[in-house]
Amino acid sequence: VSHDAHLVDLVADRLWLVDDGKCTAYDGDLSDYRAMLTDERRARRRQSRDTAEAPTESSAAGRKQARRDRAEQRAATADLRKEVRDHEKKIEKLAAERDAIERRLADPEVYQGPTSKLMELQLRHGEVKAELVKTEDAWLLLSERLDAAQ
């Protein structure tokens, strides 16, 4: 068991999903799991909006007030949604940089060159991995706060 997403990506050949008192094999990777969680959150939000009924919405004034309420809620969570999107972009950028460094480290020629270059690559690889974990953790917290606010 690990919370280090990069480590899990590197060593896990099978993932298990523990949910609602059940444990089942999961066919995707961590990126698929993150996308699945995001899709489920969106579906729950959509469903809760669709099932929420306001008794006054049948009148024009009620519909207008309902629109205002939804606009206020969107405005209240706008900064939080922007932070979530910014973290998602940063995660993509860091993951791409990590993958590029790993490709370079997999090249045998890197080990034939100067040791200082290899050390720089390895140090940067560690920095990127640590920053990626930090950013993913922050993204998760922000996503939870956003879900709670909606």
Side-chain angles (χ1 to χ4, degrees), residues 1-54 63 66-150:
V1 175
S2 175
H3 294 280
D4 184 348
H6 179 67
L7 176 67
V8 173
D9 270 343
L10 287 175
V11 300
D13 60 353
R14 205 170 14 171
L15 297 176
W16 294 91
L17 181 61
V18 178
D19 187 34
D20 197 27
K22 300 174 199 153
C23 181
T24 56
Y26 185 71
D27 292 329
D29 60 9
L30 286 178
S31 297
D32 297 333
Y33 179 68
R34 186 179 299 121
M36 180 187 76
L37 288 179
T38 302
D39 292 342
E40 285 177 357
R41 278 191 216 113
R42 286 182 185 143
R44 277 196 309 269
R45 275 188 261 142
R46 226 177 282 125
Q47 183 180 19
S48 67
R49 272 188 261 144
D50 292 345
T51 58
E53 296 179 30
R63 287 191 303 270
R67 276 196 307 274
R68 271 192 220 117
D69 291 345
R70 287 190 303 267
E72 287 174 9
Q73 185 179 11
R74 279 192 310 273
T77 60
D79 291 339
L80 200 50
R81 283 184 281 122
K82 183 184 181 313
E83 278 189 79
V84 168
R85 281 192 308 272
D86 290 347
H87 277 73
E88 288 171 349
K89 289 176 186 173
K90 188 173 181 180
I91 287 169
E92 288 177 18
K93 181 180 173 185
L94 287 168
E97 184 177 356
R98 178 202 61 208
D99 294 345
I101 292 171
E102 288 174 353
R103 280 191 301 275
R104 288 176 59 195
L105 287 170
D107 183 5
E109 289 183 20
V110 168
Y111 299 93
Q112 303 300 322
T115 306
S116 62
K117 291 270 189 188
L118 177 60
M119 289 177 62
E120 286 175 24
L121 264 179
Q122 290 173 330
L123 286 172
R124 183 63 188 148
H125 186 245
E127 291 168 356
V128 168
K129 285 181 6 181
E131 184 67 21
L132 185 58
V133 168
K134 248 177 48 180
T135 306
E136 287 173 338
D137 289 344
W139 171 84
L140 189 58
L141 290 173
L142 287 168
S143 295
E144 289 171 356
R145 284 180 41 208
L146 181 61
D147 285 343
Q150 293 180 342

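Just so it is clear, the model here is predicted, and its values are computed rather than measured. Numbers here are sequence positions counted from 1.
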Residues two or more places apart in sequence or in another chain: which of them pass side chain to side chain contact (heavy atoms under 4.5 Å, CB included) with [X]?
{"X": "Gln112", "result": "none"}
{"X": "Val110", "result": "Asp107, Leu118, Leu121"}
{"X": "Ala12", "result": "Val8, Leu15"}

ask   = Restricting to pairs with a member in residues 134-150, which pass salt bridge (Lys or Arg N to Asp or Glu O under 4.0 Å), not counting sequence neighbours?
value =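 Listed once each, the pairs are Arg34-Glu136, Arg41-Asp147, Arg45-Asp147, Glu131-Lys134.
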key: Listed partners of Arg104 passing side chain to side chain donor-acceptor pair (under 3.5 Å), at least two apart   =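 Listed in chain order: nothing, the list is empty.
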request  = With sequence neighbours left out, write down each residue that passes side chain to side chain donor-acceptor pair (under 3.5 Å) with Arg124, or none if nothing qualifies.
outcome  =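 Side chain to side chain donor-acceptor pair (under 3.5 Å) check on Arg124 returns Glu97, Glu127.
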key: Within-4.5 Å side-chain heavy-atom neighbours: Val84 and Trp139   =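 Side-chain contact under 4.5 Å: yes.
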ask   = Arg98 versus Ile101: any side-chain heavy-atom pair under 4.5 Å?
value =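 Of all side-chain heavy-atom pairs linking Ile101 with Arg98, none is under 4.5 Å.
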Can you tell me how far apart [atom1] ([X]) and [atom2] ([Y]) are? Round to the nearest 0.5 Å.
{"X": "Leu142", "Y": "Asp79", "atom1": "CG", "atom2": "CG", "result": "11.5 Å"}
{"X": "Gln122", "Y": "Lys117", "atom1": "CD", "atom2": "NZ", "result": "14.0 Å"}
{"X": "Thr135", "Y": "Ile91", "atom1": "OG1", "atom2": "CD1", "result": "6.5 Å"}
{"X": "Asp19", "Y": "Tyr26", "atom1": "CG", "atom2": "OH", "result": "11.5 Å"}
{"X": "Leu94", "Y": "His87", "atom1": "CG", "atom2": "NE2", "result": "10.5 Å"}
{"X": "Glu102", "Y": "His125", "atom1": "CD", "atom2": "NE2", "result": "3.5 Å"}

inquiry  = Looking at every heavy atom in both Ala149 and Thr77, which two are closest together, and how far apart are they?
reply    =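 That would be CB-CG2, 3.8 Å.
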key: Residues, nucleotides or ligands: over 12 heavy atoms within 6.0 Å of Glu109 CD   =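 No, because the 6.0 Å sphere around CD of Glu109 holds 12 heavy atoms or fewer from other groups.
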ask   = Between the main-chain N or O of Lys22 and the side-chain N or O of Asp20, is there a donor-acceptor pair closer than 3.5 Å?
value =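 It does not hold such a pair.
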inquiry  = One thing to verify: whether Asp86 and Lys82 come together as a salt bridge, which I'm taking to mean a side-chain N less than 4.0 angstrom from a carboxylate O.
reply    =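 Yes.
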